[in-house]
Q: 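Take a look at the following structure, please.
This is a predicted model, so every value here is computed, not measured.
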Amino acid sequence: MAEPERPALSLTERRKAATQQEIALTAARLFSERGADGTTAEDIARAAGVSLRTFYRYFRTKEDAVAPLLADGSRQWIELLAATAPGTPLLPALLDSARGSLDPSPGRPAAALAWTRGLLRAMPDDPALRDVWHRTQHDAETALRPVLAGLADLPPDSLDIRLLAAAANAAMRVAVEAWAAGDTDPAGAAELAETAFRRLTGPLTGQLTEPD
């Protein structure tokens with residue numbers, strides 16, 4: 001199931017996206033190094049090379065600044081899942097897309113995963129940061145529904161697809177959170193995701209099946 005081709009961004013849109021991403025990466029780095037309490041919006045703007053006014057043009061709060069980075073991992077996973085060849089059983093599709101989005105690659109450097117780990121470790125002490133994480137996870141679950149519906153040939157608003165999207169997204173979230181809490185290298189996140197998805201084959205055998 002190939003994802004529809006997106007229209008090309010204008011030069012202004014590309015610049016805005018690049019600025020937003022630079023602010024997000026800077027915020028993630030500073031939060032990882034100092035914690036959210038030890039970082040201000042002014043610190044992020046200064047380190048990103050933008051004015052405070054520009055910072056607030058893109059983000060309402062300092063915690064919101066990391067939302068694009070946290071959402072990027074889910075977006076890559078869902079895009080890989082959407083590109084799965086028609087007829088692929090769901091479990092192999094979920095495993096392959098999870099590995100592709102979590103393993104370090106030229107498009108997803110190990111540094112980004114390290115900053116993600118730092119953010120997740122800072123979340124227990126920062127309710128605002130947790131809210132950003134939970135919001136991005138809710139958005140990912142919603143985006144998963146039409147993709148899984150196409151792979152499973154079921155209506156996107158059906159109970160089965162809603163349950164499947166919730167379970168699949170929870171498996172990825174729990175795997176990444178468990179990886180962030182430990183000391184394994186970035187490849188450990190993909191291994192934990194594979195374990196989580198395989199354990200779902202019990203309650204979701206009707207959908208998550210592998211070929212004989």
Q: Hey, what do you get for CG (L129) to NZ (K62), rounding to the nearest 0.5 Å?
A: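 Separation between the atoms: 9.5 Å.
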Q: Pick out which of L154, L151, L159, L148 makes a side-chain contact (heavy atoms from CB on, under 4.5 Å) with L164.
A: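 Result for side-chain contact (heavy atoms from CB on, under 4.5 Å) with L164: L148.
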Q: Do L52 and F31 land in one hydrophobic cluster if side-chain heavy atoms of ILVMFWY residues count as linked below 4.5 Å?
A: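 They do share one cluster, since a chain of ILVMFWY contacts under 4.5 Å joins L52 to F31.
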Q: Which residues pass the side chain to side chain contact (heavy atoms under 4.5 Å, CB included) test with A175, not counting sequence neighbours?
A: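 Here the qualifying residues are L192, A193.
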Q: According to side chain to side chain contact (heavy atoms under 4.5 Å, CB included), who are the partners of I78, at least two apart in sequence or on a separate chain?
A: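 Applying side chain to side chain contact (heavy atoms under 4.5 Å, CB included) to I78 gives A140, A143, L144, V147.
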Q: Quick check for you: to the nearest 0.5 Å, what is the distance between S97 atom OG and L95 atom CG?
A: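 Rounded to the nearest 0.5 Å, the OG-CG separation comes to 8.0 Å.
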Q: Could you check whether any side-chain N or O of T39 sits under 3.5 Å from a backbone N or O of A36, counting only pairs where one atom can act as donor and the other as acceptor?
A: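 It does not hold such a pair.
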Q: Please name all residues satisfying salt bridge (Lys or Arg N to Asp or Glu O under 4.0 Å) with D37, sequence neighbours left out, ordered by chain then number.
A: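 Partners of D37 by the salt bridge (Lys or Arg N to Asp or Glu O under 4.0 Å) criterion come out as none, since no residue qualifies.
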Q: Could you name each residue pair satisfying salt bridge (Lys or Arg N to Asp or Glu O under 4.0 Å) that touches residues 165-182, not counting sequence neighbours?
A: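 The answer is R173-E177.
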Q: With T195, which residues qualify under side-chain hydrogen bond (donor to acceptor under 3.5 Å, both in side chains), at least two apart?
A: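 Listed in chain order: nothing, the list is empty.
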Q: Could you give all pairs that pass the side chain to side chain donor-acceptor pair (under 3.5 Å) test and reach residues 137-154, with sequence neighbours left out?
A: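 Output for this query lists Q137-N169.
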Q: Among all residues two or more places apart in sequence or in another chain, which pass the side-chain hydrogen bond (donor to acceptor under 3.5 Å, both in side chains) test with R121?
A: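 For R121, the residues satisfying side-chain hydrogen bond (donor to acceptor under 3.5 Å, both in side chains) (neighbours in sequence not counted) are D183.
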Q: Which pairs with one or both residues in residues 33-57 pass ring-ring contact (aromatic ring centres under 6.0 Å, His included), sequence neighbours excluded?
A: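 For residues 33-57: F55-F59.
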Q: Considering all heavy atoms of both residues, which atom of I161 and which atom of P155 are nearest to each other, and what is their separation?
A: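 That would be CG1-O, 3.4 Å.
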Q: How long is the gap from CD on E79 to OG on S74, to the nearest 0.5 Å?
A: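 Reported to 0.5 Å precision, the distance equals 11.0 Å.
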Q: Do the non-hydrogen side-chain atoms of L80 and D96 ever get within less than 4.5 Å of each other?
A: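 With C-beta onward as the side chain, the pair stays apart.
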Q: Which salt bridge (Lys or Arg N to Asp or Glu O under 4.0 Å) pairs, counting each pair once, include a residue from residues 43-53, with sequence neighbours left out?
A: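 Only R34-D43, D43-R46 qualify under salt bridge (Lys or Arg N to Asp or Glu O under 4.0 Å).
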Q: Taking only residues two or more places apart in sequence, or in another chain, which ones meet S158 in a side-chain hydrogen bond (donor to acceptor under 3.5 Å, both in side chains)?
A: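 Expected list: none.
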Q: Do the side chains of L94 and W77 get nearer than 4.5 Å, heavy atoms only?
A: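 The answer is yes; the side chains approach within 4.5 Å.
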Q: Over all heavy atoms of both residues, which pair between W179 and A189 is shortest? Give the atoms and the distance, please.
A: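 Shortest heavy-atom separation between W179 and A189 comes out as CD1-N, 3.4 Å.
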Q: Would you mind reporting whether M172 and S101 have side-chain heavy atoms less than 4.5 Å apart?
A: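 They are in side-chain contact.
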Q: Under 3.5 Å, which donor-acceptor pairs do the side chains of residues 16-23 form with other protein atoms, sequence neighbours left out?
A:
residue, atom, partner, partner atom, Å
T19, OG1, R15, O, 3.0
E22, OE2, T26, OG1, 3.4

Q: Do Q76 and L102 make a side-chain contact, defined as non-hydrogen atoms from C-beta onward lying under 4.5 Å apart?
A: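 Not touching, per the 4.5 Å side-chain cut-off.
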Q: With salt bridge (Lys or Arg N to Asp or Glu O under 4.0 Å) as the rule and sequence neighbours excluded, what pairs involving residues 122-138 come up?
A: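 Applying salt bridge (Lys or Arg N to Asp or Glu O under 4.0 Å) to every pair that reaches into residues 122-138, excluding sequence neighbours, yields D64-R135.
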Q: Would you say T88's side chain and T84's backbone share a donor-acceptor pair under 3.5 angstrom?
A: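 It does not hold such a pair.
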Q: Which pair of heavy atoms, one from V66 and one from A27, lies closest together, and at what distance?
A: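 Closest approach of V66 to A27: CG1-CB, 3.8 Å.
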